[in-house]
Amino acid sequence: MDDEFAGFCRREHARLVAALDLMTGSRPLAEDLAQEALARALPRWSRIREMDAPGAYVHRIAVNLATSSFRRRAAERRLAARAASSDEHRDPDGAISVAVRQALAAIRPQQRRVLVLRYFLGYSVEETADLLGMPAGTVKTHTQRGLSALRAHFDEPVTTGDLEADRA
């Protein structure tokens, strides 16, 4: 493995894990998926390094892996969602982070993916559309519906700033 790829991995790994953690609701699964995404990038690194946004390419791999994981592990996700409420007191994050994670876990997976990519990772509508392989209008629809679902979950207004604040 060359130094350039190692540096790329150091830069992208934490972002991948954080985004996948929000998408999947499971830190161990997020770490596994991030590792797999980077491992899949290694054999293609000579081509990926020449891209305008190699990080976005690896995020696309990670999103695809997460989507496959959702399909294979539907029963596990339902069990984890039920267990999440009893694990709240053990979560090392602050109350706001816990509340945001629980709210994200309660919305549709596609809306959750869009909101994480848009507000946690800071991708534009067009970049999110490209990463998820959907039209920009669909991204806007999922964004609006996801934010509405979060507002309903909290029973108060949720702004995009609230989501961006959780990024820290």
Side-chain angles (χ1 to χ4, degrees), residues 12-38 55-56 58-168:
E12 291 298 323
H13 184 263
R15 283 176 43 118
L16 281 168
V17 170
L20 290 165
D21 185 10
L22 288 172
M23 284 183 194
T24 66
S26 168
R27 182 78 176 196
L29 178 58
E31 290 170 350
D32 287 346
L33 293 173
Q35 187 75 14
E36 180 65 23
L38 291 168
V58 174
H59 281 270
R60 174 65 185 245
I61 293 171
V63 168
N64 288 344
L65 289 169
T67 300
S68 295
S69 175
F70 289 136
R71 290 181 184 136
R72 286 190 313 270
R73 297 182 176 153
E76 291 176 38
R77 284 195 323 271
R78 285 190 299 273
L79 178 61
R82 284 190 295 254
S85 63
S86 65
D87 289 342
E88 181 177 348
H89 67 281
R90 288 185 264 159
D91 195 316
D93 294 335
I96 292 173
S97 294
V98 171
V100 169
R101 282 191 181 138
Q102 289 177 340
L104 285 169
I107 65 174
R108 298 182 66 190
Q110 195 66 346
Q111 293 169 359
R112 180 172 50 245
R113 286 184 210 109
V114 166
L115 292 179
V116 169
L117 289 171
R118 295 277 328 280
Y119 299 111
F120 182 77
L121 291 175
Y123 286 113
S124 69
V125 170
E126 293 75 21
E127 290 167 331
T128 301
D130 186 51
L131 283 167
L132 296 175
M134 64 177 60
T138 303
V139 169
K140 291 176 184 177
T141 299
H142 284 309
T143 299
Q144 184 272 327
R145 289 180 181 165
L147 289 173
S148 292
L150 289 178
R151 286 181 185 105
H153 178 84
F154 287 111
D155 198 29
E156 61 183 67
V158 173
T159 66
T160 57
D162 294 330
L163 295 173
E164 292 165 352
D166 192 53
R167 190 183 326 186

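Hydrogens, waters and symmetry mates play no part in the numbers below; they use all other heavy atoms, side chains included.
Side-chain atoms of R113 and H142, non-hydrogen and from C-beta on, never get closer than 4.5 Å to each other. Under the 4.5 Å side-chain criterion, counting only non-hydrogen atoms from C-beta, E12 is not in contact with V58. Put simply, the side chain of R145 does not reach to within 4.5 Å of the side chain of R108, judged on heavy atoms. Under the 4.5 Å side-chain criterion, counting only non-hydrogen atoms from C-beta, R27 is in contact with E31. Side chains of T143 and V125 form no contact here, defined as non-hydrogen atoms less than 4.5 Å apart. Using a 4.5 Å cut-off on side-chain heavy atoms (C-beta onward), I107 and H153 make no contact. The side-chain heavy atoms of T138 and L132, taken from C-beta on, include no pair separated by under 4.5 Å.
Considering CG of L147 and OH of Y119, their distance stands at 5.0 Å, rounded to 0.5 Å. Of the inter-residue distances, the one linking H59 atom NE2 with L121 atom CG reads 5.5 Å to the nearest 0.5 angstrom. The structure places CG of L16 at 9.5 Å from CD1 of I61, a figure rounded to the nearest 0.5 Å. Separation of atoms CG (L29) and CD (E36) is listed at 11.5 Å; rounding is to 0.5 Å.
The backbone N or O of D130 sits less than 3.5 Å from a side-chain atom of R60, completing a donor-acceptor pair. For the pair R112 (side chain) and L104 (backbone), a donor-acceptor distance under 3.5 Å is present.
Smallest separation of non-hydrogen atoms from V116 and L22: CG2-CB, 3.6 Å. Scanning both residues, F154 and A99, for their nearest heavy atoms gives CZ-O, 3.6 Å. Nearest heavy atom pair, residue P135 against residue A129, reads C-CB, 3.9 Å. Taking all atoms of both residues into account, the shortest heavy-atom contact from A66 to L20 is CB-CD2, 3.9 Å. Y123 and A56 get closest at one heavy-atom pair: OH-CA, 3.7 Å.
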Legend entry - Chi angles and distances behind the side chain to side chain contact (heavy atoms under 4.5 Å, CB included) call for E127, L117: CA-CA 9 Å; E127 290 167 331; L117 289 171; over 6 Å; no
Inset, instruction - Just do the side chain to side chain contact (heavy atoms under 4.5 Å, CB included) check on H13 and Q35 with the steps written out, would you? - result: CA-CA 8 Å; H13 184 263; Q35 187 75 14; 4.3 Å; yes
